[in-house]
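One structure coming up, written as structure tokens, with questions to follow.
Here is how names work: the chains are called A, B, and so on, in the same order as the sequence lines, proteins then strands, and each is numbered from 1.
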2 protein chains.
Amino acid sequence: MTDKSPAAGKPIRTAITSEDGIDFAIIELFFFAYRDFTSDPDQILADYGFGRAHHRVLHFVNRRPGLTVAELLDVLKITKQSLARVLKQLIDTDHVVQLQGPRDRRQRELYPTAKGRALALALARPQSRRIRAALEDSGAAERTLVERFLEAMVNPELRAQIDVGSAKMSGKSHGEH
Amino acid sequence: MTDKSPAAGKPIRTAITSEDGIDFAIIELFFFAYRDFTSDPDQILADYGFGRAHHRVLHFVNRRPGLTVAELLDVLKITKQSLARVLKQLIDTDHVVQLQGPRDRRQRELYPTAKGRALALALARPQSRRIRAALEDSGAAERTLVERFLEAMVNPELRAQIDVGSAKMSGKSHGEH
DNA sequence: GAGATTATGTCAGTACTATTGACGTAATTT
DNA sequence: AAATTACGTCAATAGTACTGACATAATCTC
């Protein structure tokens with residue numbers, strides 16, 4: 001078991017380096033940072049029997065109250081079937097409510113309840129604390145730089161989803177009624 | 001179905017804001033950035049019938065040739081059982097080989113083969129390209145700042161895992177220490 | 001050398017998140 | 001009337017993860 005199989009390749013004993021122009025340092029840091037970034041809310045979610053999927057839904061329903069199921073699918077980049085169970089659980093536990101769309105009654109607009117808003121905040125709190133701590137070491141200018149870097153990491157054609165920056169989710173309000 | 005259940009809470013129609021001191025902007029950017037960051041290699045992995053777990057194993061075996069199974073488990077923060085299938089597949093497909101540990105013959109040192117090295121590079125290439133593009137917009141100083149920010153996002157007690165790699169990595173990035 | 005510990009491997013069962021495909025219903029559009 | 005859209009649901013499957021239990025071989029300890 002330990003030894004190589006008949007036609008196995010020879011072991012390479014030297015570590016991969018940046019020689020090929022690959023930025024392994026940041027690739028790896030990104031992995032570690034995200035791993036720990038998500039571990040905070042994971043702890044809380046476990047108490048509710050929820051997972052990361054619930055968190056994402058809850059987050060966006062709070063960020064964009066009134067978004068439709070289709071819009072949510074588009075933001076999360078998952079399928080309807082994947083969303084179904086998660087959304088149903090959030091509705092059953094009274095974290096999210098559905099309202100019939102005003103102009104198109106086929107649509108279901110999703111809104112957080114007070115309970116859902118509170119949970120979203122509780123989940124975001126440790127993440128925000130971690131971010132603040134990470135930014136604190138450096139100057140205030142870094143905040144803007146980090147924001148810009150992260151935004152530049154997103155596929156250009158998908159940046160529209162991020163109404164970010166102003167923290168005012170104005171772009172999505174369905175005009176006047 | 002559309003209407004609220006008997007005792008359902010009222011919908012909150014206002015978007016959650018940073019009023020509570022929560023940094024939703026970066027929280028959300030981090031989610032989007034990581035989603036797209038991992039989507040590049042996912043495409044390639046699909047051709048091999050591999051998933052993200054294979055990528056992570058392959059990455060660290062290439063970064064730290066000769067690490068043991070236990071060390072790998074510690075870095076990935078997963079269980080032995082989760083690693084088993086993934087590692088076996090990588091060995092069966094001749095991307096990774098195991099060698100008996102020289103000082104402790106119970107240990108299995110993991111090394112990439114030429115094939116495994118090539119795949120690791122192929123997977124890292126689009127990610128590195130994305131990072132370079134994201135950094136290019138700004139000054140050269142940003143690279144260090146982004147590195148520092150991401151490192152600060154990692155749990156302090158786990159930062160030792162990173163330094164191993166980045167020490168070998170950077171020709172000049174960690175000037176001050 | 002006997003016994004405990006360690007490193008690894010494996011089996012069984014389960015959970016969560018995700019997928020594709022198919023079908024149904026109600027509402028809107030053409 | 002027919003097609004399309006928005007949503008819901010069912011069935012089947014996959015990938016990744018978990019806990020717990022058990023086996024084996026090697027090393028360490030007494």
- Item | Whole-Å gap separating C1' (D:dA26) and CG (B:L99) | 17 Å

- With sequence neighbours left out, the residues meeting ring pair (Phe, Tyr, Trp, His ring centres under 6.0 Å) with B:F32 are A:F60

- Message: Could you tell me how far apart B:Q100 (CD) and D:dA25 (P) are, to the nearest whole angstrom?
- Response: 12 Å

- Query: Quick one: ring pair (Phe, Tyr, Trp, His ring centres under 6.0 Å) partners of A:H55, sequence neighbours excluded?
  - Reply: none

- Please list, chain by chain and in numerical order, all residues satisfying side chain to side chain contact (heavy atoms under 4.5 Å, CB included) with B:N155, sequence neighbours excluded. A:D36, A:R130, B:E157, B:L158

- Query: Looking at the side chain of B:R106, which of C:dA27, C:dA18, D:dA26 is the nearest nucleotide?
  - Reply: D:dA26

- Spacing of A:R103 atom CZ relative to D:dC7 atom C1', expressed in whole Å: 15 Å

- Consider only side-chain N and O atoms of A:Q81 and A:R85, and report whether a donor and an acceptor are under 3.5 Å apart. no

- Going through the distances and angles, do A:F30 and A:F37 end up as a ring-ring contact (aromatic ring centres under 6.0 Å, His included)? CA-CA 10 Å; A:F30 215 53; A:F37 174 70; over 10 Å; no

- Message: Rounding to an integer number of Å, can you tell me how far B:Q107 CD sits from D:dA26 P?
- Response: 13 Å

- Message: Rounding to 10°, can you tell me the angle the first-five-pair axis of the helix from C:dG1-D:dC30 to C:dT30-D:dA1 makes with its last-five-pair axis?
- Response: 20°

- May I have the distance from A:K88 (atom NZ) to C:dC16 (atom C1'), rounded to whole angstrom? 17 Å

- Would you kindly give the CZ-to-C1' distance between A:R108 and D:dG8, to the nearest whole Å? 8 Å

- Item | Options D:dA26, C:dT8, D:dC7, nucleotide nearest the side-chain atoms of A:V69 | D:dC7

- Looking at residues 74-87 of chain A, who's got a heavy atom less than 4.0 Å off DNA chain C? A:K77, A:I78, A:T79, A:Q81, A:S82, A:R85

- Query: Looking only at side-chain N and O atoms, does A:R35 come under 4.0 Å of OP1 or OP2 in D:dA17?
  - Reply: no

- Message: Has A:R159 got a side-chain atom pairing as donor or acceptor with A:E151's backbone, closer than 3.5 angstrom?
- Response: yes

- Task: Select from A:R52 and B:E109 the residue whose nearest nucleotide in DNA chain C is closer to the 5' end of that strand.
- Result: B:E109

- Message: Is the terminal nitrogen or CZ of A:R56 (NZ for Lys, CZ for Arg) located under 6.0 angstrom from the six-membered ring centre of B:F31 and within 45° of that ring's axis?
- Response: no

- Protein-nucleotide distance (A:L67, atom CG; D:dC7, atom P), rounded to Å: 10 Å

- Measure from CG on B:L73 to C1' on C:dT6 and round the result to the nearest Å. 14 Å

- Query: Just to confirm, is there a sub-4.0 Å distance from OP1 or OP2 of C:dC16 to any side-chain nitrogen or oxygen of A:H54?
  - Reply: no

- Message: With a 4.0 Å limit, can you tell me whether B:R56 has a side-chain N or O closer than that to the phosphate oxygens OP1/OP2 of D:dA17?
- Response: yes

- Task: Flag the pair A:P126 / A:I44 as yes when at least one side-chain heavy-atom distance between them is below 4.5 Å, and no otherwise.
- Result: yes

- Of all residues at least two apart in sequence or in a different chain, which pass the salt bridge (charged side-chain N to carboxylate O under 4.0 Å, His left out) check with B:R106? B:D104

- Message: Between A:Q98 and D:dG8, is there a contact of a side-chain N or O with OP1 or OP2 at under 4.0 Å?
- Response: yes

- Item | A:K88 NZ: over 12 foreign heavy atoms closer than 6.0 Å | no

